[in-house]
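Written below as structure tokens is the structure these notes are about.
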Amino acid sequence: MKSVEHLIIGGGVAGTTCAETIRQLDTACSVAIVSDEPYRLYSRIMLSKPNFFLEKIPFDQVWLKTEAWYKEKNIELIAGKIATKLDATKKEVTLSDGTIIGYKKLLLAIGGVVREWNVPVPKSGVHYLRTLDHAKGVIENVKTAKQAISVGGGFISFEMCEMMRMAGLDVTLMLRESHYWEPLLDEASGRIIERALEKGGVHILRNAEVAQVLGADAVEGVVLKDGTHLPCQMIIAGIGLVCPTGWLKDAGVAVGRGILANEYLETNIPDVWAAGDGAEFHDVILGEQIQLGNWVNAQMHGRTAAMNMMGKHIEYKLVSFYTTQGFGIGIAFVGDVRPAADRTIVTRGLADSGAYGRILIKDGEIIGATLINRTNELGLLAKLIEKDVKMSGREGDLGNPAFDLKTLIP
């Protein structure tokens, strides 16, 4: 059995940043990364960008680390292996090939896996988008397909619709809900996005679900639950991610939707931390458990976890945000944008103008915002969230699009 001082499960940006930070703090300790993919670190952000899929930029731009980098930093990369068992008492992790690795400190940066579609599918033509291999499949399929269906509403679906339209495909977007991104967005916000999609040539079917995918070897079309037949040669299934925590729960790690962690990214198991998309951590700014799936959060998680694994005691504190552009509009989420009974929503701007925001307030403080064509206000709202600025009595100013938010920052 081999043993390392710092074992990292997950070769994405959270895990790799953790390893890199540990090496910056200690040039001699042993560090190993276990990755379930057979690749070194690459940009997941690039995977959903049209220029990448349409091969308008060199494929090699996807790589963020060279193979030589791992050797230079003396970081062992164990690629193409899945962690299947944790023995927290013995401080051992078992991999899919039977290898057992002992550790002194362990980081769980396992990320998420795509939520599998509960519809039987042909051998090819149905695509998810989470890994580089997923992206390679889409790149090849888009070269020959004429008609495509995108299932689900969200950032990935939005960006993939734009890519497929740029490739000249006839694209149908299928929403199980009555408007885009319901219930995260209100109807007004969803309709702005839908108008941009439709102006870009995307057909939208609302309150629609696939009952059957046609084709044996490759996708030939779909049959909807209402009996409608739609021909297509490729399908993008963007129906969310799940965190594979079963093996950790068996080991006594506390889990919810993700791996439960405190503000220091510590789990309930001694010498075990969590970071990245799979971590459901205590957000000291919002005062609640949060699970996020974005690059910046994962990167900063990795850095904070590394410092705490090295004996520091640093709270993770960052206002997260997501942004995307396409079909002539910009969309941004900042902070916690989940609607709930204990939150007040102040709208900023008029939906008919196309520049529309929703500011979420809890206990008199801003906790999040959704912005459509108001992305220039993202930074100001992030500061207001971070500084816990009291907004009681200022709702009218927040809702006035002409009011300068900068004046609210102390």
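Any value given below was found using the heavy atoms of this structure, including those in side chains, with hydrogens, waters and symmetry copies removed. Numbers for residues simply follow the sequence, beginning at 1.
- Between Glu288 and Arg343, at least one side-chain nitrogen of the basic residue sits less than 4.0 Å from a carboxylate oxygen of the acidic one, meeting the salt-bridge criterion.
- Between the side chains of Thr131 and Asp133, not a single donor N or O lies within less than 3.5 Å of an accepting N or O.
- A salt bridge does not link Glu395 to Lys390: none of the charged side-chain nitrogens sits closer than 4.0 Å to a carboxylate oxygen.
- Taking Thr172 as the reference, Ile149, His203, Leu205, Leu230 meet the side chain to side chain contact (heavy atoms under 4.5 Å, CB included) condition, with sequence neighbours excluded.
- Ionic pairing of Arg358 and Asp186 is present here: one or more N-O contacts between side-chain nitrogen and carboxylate oxygen are shorter than 4.0 angstrom.
- Between Met164 and Ile236 the shortest side-chain heavy-atom distance falls below 4.5 Å.
- A cation-pi arrangement is present between Arg40 and Trp63, with the terminal nitrogen or guanidinium carbon under 6.0 Å from the aromatic centre and inside a 45° cone about the axis.
- Taking the six-membered ring wherever Trp is involved, the centroid distance between the rings of Tyr264 and His313 falls below 6.0 Å.
- When side chains are defined from C-beta on, Asp87 does not count as touching Val93, because their heavy atoms never get closer than 4.5 Å.
- In this view, Glu377 and Arg348, Leu371, Arg374, Leu381, Leu405 satisfy the side chain to side chain contact (heavy atoms under 4.5 Å, CB included) rule, not counting sequence neighbours.
- By the 4.0 Å N-to-carboxylate-O rule, Lys81 lies too far from Asp36 to be salt-bridged with it.
- The closest side-chain donor-acceptor pair between Tyr316 and Asp283, if any, does not fall under 3.5 angstrom.
- At a threshold of 4.0 Å, the pair Glu194-Arg191 counts as salt-bridged, since one of the basic side-chain nitrogens sits closer than that to a carboxylate oxygen.
- The side chain to side chain donor-acceptor pair (under 3.5 Å) search around Arg115 returns none, not counting sequence neighbours.
- Listed by chain and number, the residues in a side chain to side chain donor-acceptor pair (under 3.5 Å) with Arg394 are Asp397 (sequence neighbours excluded).
- In this structure Lys199 satisfies the salt bridge (charged side-chain N to carboxylate O under 4.0 Å, His left out) test with no other residue, sequence neighbours excluded.
- When each of Lys73, Arg303, Lys65 is paired with Glu20, the salt bridge (Lys or Arg N to Asp or Glu O under 4.0 Å) condition holds for Lys65 and for no other.
- Identified under the ring pair (Phe, Tyr, Trp, His ring centres under 6.0 Å) test for residues 147-182, with sequence neighbours left out: Phe155-Trp181, Phe155-Tyr322, Phe155-Phe333, Phe158-Phe327, Trp181-Phe333.
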